[in-house]
Every structure is written in C-alpha cells, then in structure tokens.
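Only one structure is covered here, and it is reproduced in the block below.
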There are 2 protein chains.
Amino acid sequence: MLLSKSCEYGLRAALYVSMSEKEGYVPIRVISSDLGMSAHFLTKILQQLTKAGILKSFRGPNGGIALARPASQVALIEVVEAIDGPELFRECMLGLPGCGERQPCPLHNKWMIERERLAALFATTTLDQLADSSEGVGVRLAG
Amino acid sequence: MLLSKSCEYGLRAALYVSMSEKEGYVPIRVISSDLGMSAHFLTKILQQLTKAGILKSFRGPNGGIALARPASQVALIEVVEAIDGPELFRECMLGLPGCGERQPCPLHNKWMIERERLAALFATTTLDQLADSSEGVGVRLAG
DNA sequence: AAGATTTGAGACTCTTTATTCTTAAATACG
DNA sequence: CGTATTTAAGAATAAAGAGTCTCAAATCTT
C-alpha cells in the first residue's frame, strides 16, 4: 500500500475542503458524512493536519475546519508527510538502512528515478489544481 | 511503505539465491544468517514463493531452496505479487473502490502514469539483471 | 533402524495501524 | 448563566502485520 488509510482519508478531506464553495469553517461531521468516514476517526486525522499548519480549526457552533492557506499554496506532499511522514520519498525499496549512492542496493538506481518522480508529483501538485480539474467532470471523492 | 517487510525480505532472499555461485539448494538458515533475518520468519516468507512456483525446495541434509527457473526468467513483479498481492499495481491512490477511467478520482490520471511505470519496472526487471549489475561493485543485500 | 538436518504448517505472541468511545475545552446563542 | 455545538485529547478496542515457537514430514548419513 502506497499511502496509509489515514493518509488517504486526510487527502480526500483536504480536497473536499478545497472544493467547498462556502466561506468559513466546514464541520468535520459534514465532511465525514459526505465522504463516508467515521467522524471520530476523521477528526483525529485532521488534527494532524491542523498541527502541521495546513488546516485551521474553530470550535463551537459554526465551527469546523478550513484551509490555513489558499489551496493554491498547499502541495499534496505536505499532507502526506504530515500524516505518513517523509519515509516514502526517502526509503530504500528493499528496506536497507544506509542504502544510497555510496552503498546502493541492487534496485537503488531504478527505484530512485521513480521515487523522485513520485516526490515531484506530490510536491508540484496543489490542492487547487486537483480541485479545479475535478469540477463537474464526474470526478469523485467518495466511494 | 511501498512494499511490506515480508516482501522486502522475499526480494532480498530471491536476489541472494540468484547471486549464489554454487549449484544446488541453499539452506534458508544460511540466507537468513547472511542477510540478518530470522530463519523462522524467512522460512515462512519463502514458502509463499515456493507455492507461487518461483522457488523450489528440498528437505533434509543438503536441502534448502533454489530458483525454480533461471534467474533470467523471474521478473521482480512475480515476487512482489506472490507476497503482497497485485494491489500496488492496481489500486487507487486515494483508496476509492471503482476508481478508473469512468469514475476517476482527482489523482487518477497522474497516479496511473506513475503506477504503470512502477509496474513496468517490476515487470521488465529480472533477478539476473540485478544480480549481474551487483557483482563486485559494492552493492549489497544486507544491512 | 536411529539420529541429524532441513523445510512445512500452524499456533502463538508482539507491535503497529485502524477504529471507536469517553471526556474535556472552546464557542455561540438564547 | 445554561445549553447546544463542535473540536481536542487520550483511553480503549479491533484488526492486520511482523515475528517467534513447536511439532510434523522428508531426507541424508551412519
């Protein structure tokens, strides 16, 4: 599995918020309901994004979460690293510690190319790019 | 994590066997010792490769495991799918069931390209290619 | 035949991830 | 002030992955 379940949920929720029309905070309950997730579980995941400075939250009536910055300034890699950590973009495919230029594993060179491409994809894609490309055209966030 | 720990171990062991000079079966105990793994655990993992027809095994003294086919005819993807299953090369990055051409998730198009590249890498790379490229040049399989 | 070696199979434990539940804190509104 | 709403925090539970242990089956050697 490329991303953990928590990370999948976090990305989907972040995209949901990016695509949300209304100004102001979106209640987690609404997101979880629309995306078919447990509200409790999603709350926990989104707290990580809040702590990472990607989201901001507000308690009480009319509260919820919102992007802490414009969607155009949130790259996917921030969400992934806030939840799953940076390992995916750093680790050796065979799990060998210290695998690198100097002591490469047999797969190092090939995997590095793909790993860098993957990192670039996540680093250069922002929430608003995905939100924009998803308007209308049958793209969906829920199962 | 891209590959499970079991899969990492399975790949490393398969590579070890491919690079093994001697004819005949290699005892799992020797592999596990050289690669720094638990023999019991490795045995369990290699059984999956034996059942998948990638390895053959032989019990008793002078027993062990060996490739069931020439290393030039074992693609990495066979090892990965025998242990982790085919999900990595099929699944939606956001975990949405039914994500595809017809109902793409926002990341579908971008991820599909990388996923296909990854699948191609695993499908076109064989054990002997890695073994050959690893002779001498400081490439290693153990931590 | 007896004993040593090595894989096969399955139960078992431990750790991590996933998920749920409970309580507290902040906010809005009457 | 009191109550409803909503996130925060952390305990508790469930499920999956990782790793260990025990015993059985096959094979070789003596």
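Proteins come first, then strands; the chains are lettered A, B, ... in the order of their sequence lines, and each starts at number 1. Values reported hereafter were calculated over all heavy atoms of this structure, with side chains retained and with hydrogens, waters and symmetry mates removed.
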Within the 4.0 Å limit for protein heavy atoms, which parts of nucleotides 13-18 of chain D are touched? Write it as a string from 5' to 3', B for base, S for sugar-phosphate only, - for none. -----S
With a 4.0 Å limit, can you tell me whether A/Arg29 has a side-chain N or O closer than that to the phosphate oxygens OP1/OP2 of D/dT6? yes
Considering every strand and a 4.0 Å limit on heavy-atom distances, what is the contact class for B/Lys51: base, sugar-phosphate, or nothing? sugar-phosphate
Rounded to whole Å, how long is the line connecting atom CE of A/Met37 with atom P of C/dT19? 10 Å
Reading nucleotides 22-30 of chain D 5' to 3', which nucleotides get B (base under 4.0 Å from a protein heavy atom), which S (sugar-phosphate only), which -? B--BBBBS-
Any side-chain heavy-atom pair from B/Leu127 and B/Leu76 closer than 4.5 angstrom? yes
List in chain and number order the residues that pass salt bridge (charged side-chain N to carboxylate O under 4.0 Å, His left out) with B/Arg29, two or more places apart in sequence or in another chain; answer none if no residue qualifies. none
Would you say a side-chain N or O of A/Ser38 is under 4.0 Å from OP1 or OP2 of C/dT20? yes
Who are the side chain to side chain donor-acceptor pair (under 3.5 Å) partners of B/Thr125, not counting sequence neighbours? A/Lys110
Rounded to whole angstrom units, what separation is found between the CG atom of A/Leu42 and the P atom of D/dT7? 9 Å
Can you find a heavy atom in the side chain of B/Phe89 that is under 4.5 Å from one in the side chain of B/Glu81? yes
Integer-rounded Å distance: D/dG19 C1' and B/Glu8 CD: 15 Å
How long is the line joining CD of B/Gln48 and P of C/dG8, in whole Å? 12 Å
Could you give the CD-to-C1' distance, from A/Gln47 to C/dA18, as a whole number of Å? 15 Å
Can you check whether B/His108's main-chain N or O pairs, donor with acceptor, with B/Arg115's side chain at less than 3.5 Å? no
Strictly distance-based, threshold 3.5 Å: is any side-chain N or O of A/Arg117 a donor or acceptor partner for the main-chain N or O of B/Glu114? no
Given atom CG of A/Leu49 and atom C1' of D/dA9, what is their separation to the nearest angstrom? 16 Å
Tell me every residue that passes ring-ring contact (aromatic ring centres under 6.0 Å, His included) with B/Tyr16, counting only those two or more places apart in sequence or in another chain. none
To which residues is B/Tyr25 joined in a hydrophobic cluster, defined by side-chain heavy-atom contacts under 4.5 Å among Ile, Leu, Val, Met, Phe, Trp and Tyr, whether direct or through other members? B/Phe58
Close side-chain approach of A/Met37 to A/Ile45, heavy-atom, < 4.5 Å: no
Using OP1 and OP2 only, check whether a side-chain N or O of A/Thr43 sits under 4.0 Å from D/dA8. no
Using a 4.0 Å heavy-atom cut-off across all strands, classify B/Leu46 as base, sugar-phosphate, or nothing. nothing
